[in-house]
Amino acid sequence: MISALKTAFTAHPATVDETYLEHSRFAFRFSAKLLCAGAAAFVHALLPFAFQHTAGDIIRQLHQDIAGRS
């Protein structure tokens, strides 16, 4: 039982050569940036002069971060 639980938390992070904590930190940082991109896009929808490139810049950077992990 304990072994199965440990595997559940470590199997996927191991596929990208990370520990659970390393993977968790990356995922939290990634989600925070996605939330910022979403907020910038939301404000841009209301105020088209604001955050004209912010969401796209964040998404491009996140894509580079993910592409560099394989």
Side-chain angles (χ1 to χ4, degrees):
M1 175 66 177
I2 301 262
S3 177
L5 189 58
K6 182 179 178 188
T7 300
F9 279 89
T10 59
H12 172 66
T15 66
V16 289
D17 197 29
E18 291 178 337
T19 66
Y20 170 78
L21 291 175
E22 289 169 333
H23 193 71
S24 179
R25 181 177 48 216
F26 182 87
F28 280 126
R29 183 180 135 272
F30 195 90
S31 68
K33 287 185 177 188
L34 283 173
L35 288 169
C36 288
F42 182 83
V43 171
H44 177 71
L46 299 173
L47 308 169
F49 55 85
F51 303 110
Q52 294 179 25
H53 304 282
T54 305
D57 290 347
I58 292 170
I59 297 300
R60 277 187 284 283
Q61 182 59 53
L62 290 174
H63 177 263
Q64 287 180 354
D65 291 350
I66 289 293
R69 291 169 58 88
S70 40

Problem set entry | Partners passing side-chain contact (heavy atoms from CB on, under 4.5 Å) against T19 (at least two apart in sequence or in another chain) | L21, E22

Seminar exercise, completed: Residue pairs passing the side-chain hydrogen bond (donor to acceptor under 3.5 Å, both in side chains) test with at least one member in residues 54-64, sequence neighbours excluded, are D57-R60, Q61-D65

For this session: Evaluate whether atom CZ of R29 has more than 12 neighbouring non-hydrogen atoms of other residues, nucleotides or ligands under 6.0 angstrom away.
Result: yes

For this session: Would you please name every residue forming a ring-ring contact (aromatic ring centres under 6.0 Å, His included) with F42, sequence neighbours left out?
Result: none

Seminar exercise, completed: Tightest non-hydrogen contact, residues A40 and A55, listed as CB-N, 4.3 Å

For this session: Answer with yes or no whether the hydrophobic clustering places V16 together with I66; edges join I, L, V, M, F, W, Y residues whose side-chain heavy atoms lie under 4.5 Å apart.
Result: no

Distance-only check: which donor-acceptor pairs under 3.5 Å involve side-chain atoms of residues 46-53, not counting sequence neighbours?
residue, atom, partner, partner atom, Å
Q52, NE2, F49, O, 3.1

Problem set entry | From CD1 (I58) to NZ (K33), nearest 0.5 Å | 8.0 Å

Seminar exercise, completed: residues 4-25 vs ring pair (Phe, Tyr, Trp, His ring centres under 6.0 Å), sequence neighbours excluded, gives F9-Y20, H12-H23

For this session: For H44, enumerate each residue passing the ring-ring contact (aromatic ring centres under 6.0 Å, His included) test, keeping only those at least two apart in sequence or located in another chain.
Result: none

